[in-house]
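Computed from a prediction, not measured in an experiment: that's the story for all the values here. Computed over heavy atoms, backbone and side chain alike; hydrogens, waters and symmetry mates excluded.
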Amino acid sequence: MYKVFLFAGTTEGRELAGFLSRAGVEVFVFTATEYGKSLIGEAENMVLSYERLSAEKMEEQIRTEKPDLVVDATHPYAELVTENIRSACIHTHTELIRLVRDEGTWDGGDITYVSSAKEAAEFLSRTEGNVLLTTGSKDLAEFTAVPGYEERIYARVLSLPDVAKSCAGLGFRGSRLICMQGPFSKELNTAMLRQYDCKWMVTKASGMEGGFPEKLEAAKEAGAKLLIIGRPKKEEGLNFKECRKMLRERFQIPYRPEITLAGVGMGSIEMMTGEAVRACQNADLLIGAGRVLEAAEKAAGNAHKAELYKEYKSEEIFSFIKSHPFYYHIVIAMSGDPGFYSGAKKLYGLLSSEKEWNVKAVSGISSLSYFMAKLHLSWEDAVMVSCHGQKTHLVQKIASSRKVFAILGTGTEVGELAKELLQYGLDDVIFHTGERLSYPDEKIRSGLPQEFLCCRTDALSVLCVENPRPRKRFALHSLQDDLFVRGKVPMTKQEVRSITLSKLKLLKDAVCYDIGAGTGSVSIEMAEKAYEGRVYAVEKKPEAADLIRQNRRKFCMDSIHIVEGTAPEAIKRLEPPTHVFIGGTSGNLTEILHSVLKKNPRVRIVMNCITLETLTEAVKAFQTLPVTEPDIVNVTVSRAKKAGSYHLMMGENPVYILACSGTGEACRED
């Protein structure tokens, strides 16, 4: 087992102690006080000591335990301790690593720098106004030289009995002595400055980890001036991130980052949960793009503490984390809620492939729940759709649903949809649009489709459409023939249509071809069953194509795309089908079959034949093509027809239904 001596007088030291102990490294942790020991807490593989050690005692401990490495993570101002540690390591020939803080560059406030506590006291003696002293109790005696210090100076020190007693002995009592344990947020610092009407705030250049940014921001907000006691000398060593990376590589510690996929709502910090905010505050790396990264930054409360990586692509994020194995608290900011139309699904799959990584998701307030609450509408019965980069066929969903909620992808979609709904006769639905939700310039509008014909929205927008009279879906049965607009074009009859569709075995997201679509009756029922897919109705006759348009409008099936022309030429540029129905071939059966099998070698094919010649041609074609053995049935339907007081059964033409699937093999070229 590896062994490390860690002198931990800082927050970073405490984190390193936990990091090493969890990794199975035996770590001896030394603090200057029992209070410091209590902040670390007992842990496996950890030995704690709060004895103040001289250089000789340190040397004796090192010779006895023989650690592999000594880490000095004491406070930047603990010069004597740092020198004693260095001396002990030199005499024992032990490797020493000094953990240093990045001092940083700070702008934007009223700042004065001095070199020591004595110089700070001399400077304050030439000023007026109350002072919040945040440098602790060690150099407090120096500030008793400030005239009227008992009334002017409010000293913030650790809440320890001996500290309070020594401060009281110097004249700091009552409200002038603030005994508290940090860390201190910007809000708390600001409240103290305002509570005590302080014109000055005295601090050390304690760096990012020491809470300096929170003090700077608080001073600016409260209108106080900052007096900074600079560091005694410039130190060389490793910062916290570098030190942790070195320890991981030195002791072969697996990289086990904690990664949080945090929903940040619609982009304002008010829409984030407390859990998401805390994750951002603890992060050493924030990842995201645009407004979501800005929200995560604000939630962190300290834009300098965590490093930022602007990216939204899952592969790039995964690659970055893997190639930068020194961030241990990573937050990936996701728009809205990670579980609602989010990139979190793909990203979670990538991150979870690394078994050592601890990945979790934190929910956010989605645009759906926020917007529907604004409208005073429930959303358990709403159909939810995202229009980002995908065909959604909103007309069909709106026609059959009481409510449809859509996340929009462009600013023109509302106007285009309003026009389309009017074309389909859906003129009584109610539009609700929401733009820049949760921002100060949030905009919500409601009205009929005709009121939105010229509407353009912000890219950050959503839509809810209410339909007071949704049509009933007929997914489990076939429609009666007289419901279709017929004309003089032949139509696949209801009973045959029902068997045909059952043989097709459609899936909800199927991509369907209806070749020789006629009136479009099969296309209509395909679209109903494949309600998340697409249907291409291929028809060469103009009068039939017009009937398909009329039926598409009547049944509000905007997922049907009419392709005028003769197959196979007409289907060359279409996307590959998953299911094909062939109702008419114009003598091109073999070419059509070759074409669809080339597009998808596993396509499902169903064909209806009336003549024996077509049946013979189909059987021969299927025998030479890479398809499964065709399932062939003959269907004869008779319908009752009234003749006086009697009913006669009148036979329809018998129909042969052939069904098969591609085997996955490539078609042989003739």
Side-chain angles (χ1 to χ4, degrees), residues 2-23 25-33 36-37 39-41 43 45-50 52-53 55 58 61-62 65 67-90 92 94-104 136 138 182-183 204-213 230-251 253 255 257 282-285 302 304-307 324-329:
Y2 295 108
K3 185 183 295 184
V4 171
F5 270 24
L6 176 63
F7 292 88
T10 59
T11 302
E12 308 94 285
R14 294 194 290 272
E15 288 198 29
L16 283 182
F19 169 71
L20 289 169
S21 67
R22 288 191 300 271
V25 176
E26 187 177 13
V27 55
F28 288 71
V29 184
F30 300 91
T31 64
T33 64
K37 173 186 173 183
L39 292 177
I40 296 175
N45 305 316
M46 187 184 295
V47 178
L48 292 171
S49 172
Y50 64 91
R52 289 183 182 271
L53 300 178
M58 290 179 185
Q61 289 268 16
I62 292 172
E65 296 294 340
D68 299 285
L69 181 69
V70 174
V71 179
D72 177 9
T74 58
H75 198 277
Y77 287 84
E79 292 179 273
L80 180 59
V81 177
T82 291
E83 181 56 34
N84 287 342
I85 296 170
R86 189 184 68 83
S87 175
C89 288
I90 290 173
T92 58
T94 305
E95 183 180 355
L96 170 66
I97 295 297
R98 172 60 171 150
L99 190 150
V100 298
R101 286 178 173 174
D102 293 322
E103 191 164 355
K138 182 179 177 183
K204 293 178 180 178
S206 53
M208 293 179 287
E209 294 84 357
F212 182 82
R231 293 186 180 175
K233 64 179 180 180
K234 188 71 175 179
E235 291 188 288
E236 293 184 357
L238 303 178
N239 63 28
F240 177 68
K241 182 177 69 175
E242 294 167 339
C243 185
R244 191 166 53 183
K245 179 176 182 290
M246 181 277 298
L247 292 171
R248 188 181 68 81
E249 293 172 350
R250 174 72 175 273
F251 301 124
I253 300 171
Y255 181 46
N282 294 328
D284 50 23
L285 175 65
N302 172 11
H304 304 285
K305 182 178 180 182
E307 293 191 33
H324 295 76
F326 36 74
Y327 299 104
Y328 278 79
H329 300 283

Can you check whether [Y]'s main-chain N or O pairs, donor with acceptor, with [X]'s side chain at less than 3.5 Å?
X	Y	result
Arg244	Phe326	yes
Arg250	Leu69	no
Thr82	Glu79	no
Asp68	Lys3	yes

Which distance, rounded to the nearest 0.5 Å, do you find between the [atom1] of [X] and the [atom2] of [Y]?
X	Y	atom1	atom2	answer
Arg52	Leu80	CZ	CG	10.0 Å
Met46	Arg22	CE	CZ	8.5 Å
Thr74	Ile85	OG1	CD1	5.0 Å
Met58	Phe7	CE	CZ	4.5 Å
Glu15	Ile40	CD	CD1	11.5 Å
Phe28	Leu20	CZ	CG	12.5 Å

Identify the heavy atoms of [X] and [Y] that sit nearest to each other, and give their distance.
X	Y	answer
Gly237	Val100	C-CG2, 4.0 Å
Ala306	Ala283	CB-O, 3.3 Å
Ala8	Val29	CB-CG1, 3.9 Å
Ile62	Cys89	CD1-SG, 4.2 Å
Leu16	Cys243	CD1-SG, 3.8 Å
Leu238	Glu242	CA-OE1, 3.5 Å

- Message: I want to check something: taking the side chain as every heavy atom from C-beta on, are Ile253 and Phe19 in contact at a cut-off of under 4.5 Å?
- Response: yes
- Query: Taking the side chain as C-beta and beyond, is there a heavy-atom pair between Asn84 and Leu53 under 4.5 Å?
  - Reply: no
- Message: Below 30° counts as parallel, above 60° as perpendicular, anything between as tilted: where do the rings of Tyr328 and Tyr255 land?
- Response: perpendicular
- Message: Just to verify, what does Tyr327 make a ring-ring contact (aromatic ring centres under 6.0 Å, His included) with, not counting sequence neighbours?
- Response: none
- Query: Can Ile97 and Met246 be said to form a side-chain contact (heavy atoms from CB on, under 4.5 Å), step by step?
  - Reply: CA-CA 10 Å; Ile97 295 297; Met246 181 277 298; 3.6 Å; yes
- With sequence neighbours left out, the residues meeting salt bridge (Lys or Arg N to Asp or Glu O under 4.0 Å) with Arg98 are Asp72, Glu235
- Does Glu249 have any salt bridge (Lys or Arg N to Asp or Glu O under 4.0 Å) partners at least two apart in sequence or in another chain, and if so, which? Lys245
- Check the pair Phe5 / Thr94 against side-chain contact (heavy atoms from CB on, under 4.5 Å), numbers first and verdict last. CA-CA 10 Å; Phe5 270 24; Thr94 305; over 6 Å; no
